[in-house]
Amino acid sequence: VQLQASGGGLVQAGGYLRLSCEVSGRTFSNYFMGWFRQAPGKEREIVAAINWSGGSTYYEDSVKGRFTISRDNAKNTLYLQMNSLKSQDTAVYYCAAKPKDIYSGSYYYTSSNDYPYWGQGTLVTVSS
């Protein structure tokens with residue numbers, strides 16, 4: 001499976017961006033998905049996650065109420081709508097995929113170790 005992230009850029013604090021992650025190679029609806037980010041000098045961290053159907057979502061505390069994760073299984077695409085951006089949101093954002101299997105629950109996965117497939121990352125820079 002291949003993941004292609006896009007939508008990053010330079011935005012002023014308080015602005016918005018929408019990231020997209022197009023998935024190809026396998027049936028998209030069979031994957032749990034996540035958005036992670038890595039700021040300079042920091043470890044990669046979970047931003048948001050969504051289950052295979054879109055019915056369950058998770059948000060890291062600092063983005064709750066500002067970011068929205070969603071997926072369009074018909075378009076094989078994952079999204080991250082980011083509003084009210086802050087300078088602390090500056091990072092490279094990665095999308096990641098975990099295949100559903102017989103051991104999978106119905107919720108989401110938040111550890112980077114759970115995801116075997118990763119996109120190349122897209123840079124988000126928020127200027128204050």
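For the single chain, residues carry numbers from 1 onward in sequence order. The model shown is predicted, which means the values in this text are computed figures rather than measured ones.
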Atom pair [atom1] ([X]) and [atom2] ([Y]), whose distance is rounded to the nearest 0.5 Å:
X	Y	atom1	atom2	result
Arg44	Ser112	CZ	OG	7.0 Å
Cys21	Asn76	SG	CG	10.5 Å
Ser84	Arg66	OG	CZ	7.0 Å
Trp35	Ile69	CH2	CD1	8.0 Å
Tyr93	Leu80	OH	CG	7.5 Å
Tyr107	Trp52	OH	CH2	13.0 Å

Within one Ile-Leu-Val-Met-Phe-Trp-Tyr cluster: [X] and [Y], side-chain cutoff 4.5 Å:
X	Y	value
Leu85	Phe36	no
Tyr59	Tyr108	no
Val92	Val126	no
Met82	Ile50	yes
Met33	Leu19	yes

### Message
Quick check on Gln81: does its CD atom have over 12 non-hydrogen neighbours (other residues, nucleotides or ligands) under 6.0 Å away?
### Response
yes
Return yes if some donor-acceptor pair links the side-chain N/O of [X] with the main-chain N/O of [Y] below 3.5 Å, else return no.
X	Y	value
Thr27	Ser29	no
Thr122	Gly8	yes
Glu60	Lys64	no
Gln120	Ala5	yes

Heavy-atom closest pair, residues [X] and [Y]:
X	Y	answer
Ser20	Thr77	CB-CG2, 4.2 Å
Tyr94	Gly119	CD2-O, 3.7 Å
Pro116	Lys98	CD-CA, 3.9 Å
Trp118	Leu3	C-CB, 4.1 Å
Tyr115	Tyr109	OH-O, 2.5 Å
Gly7	Leu17	O-CD2, 3.8 Å

### Message
Check for me whether Arg71 meets the cation-pi criterion with Phe28, that is, NZ or CZ under 6.0 Å from the six-membered ring centre and within 45 degrees of the ring axis.
### Response
yes
### Arg26 NZ/CZ over Tyr31 ring centroid, <6.0 Å and within 45° of normal
no
### Task
Decide, yes or no, whether a salt bridge links Lys86 with Asp89 under the criterion of side-chain N to carboxylate O below 4.0 Å.
no
### Query
Hey, mind stepping through Asn83 and Phe67 against side chain to side chain contact (heavy atoms under 4.5 Å, CB included) and telling me if it holds?
CA-CA 6 Å; Asn83 298 330; Phe67 290 11; 6.0 Å; no
### Message
Walk me through whether Val124 and Thr90 qualify under side chain to side chain contact (heavy atoms under 4.5 Å, CB included).
### Response
CA-CA 5 Å; Val124 172; Thr90 294; 5.9 Å; no
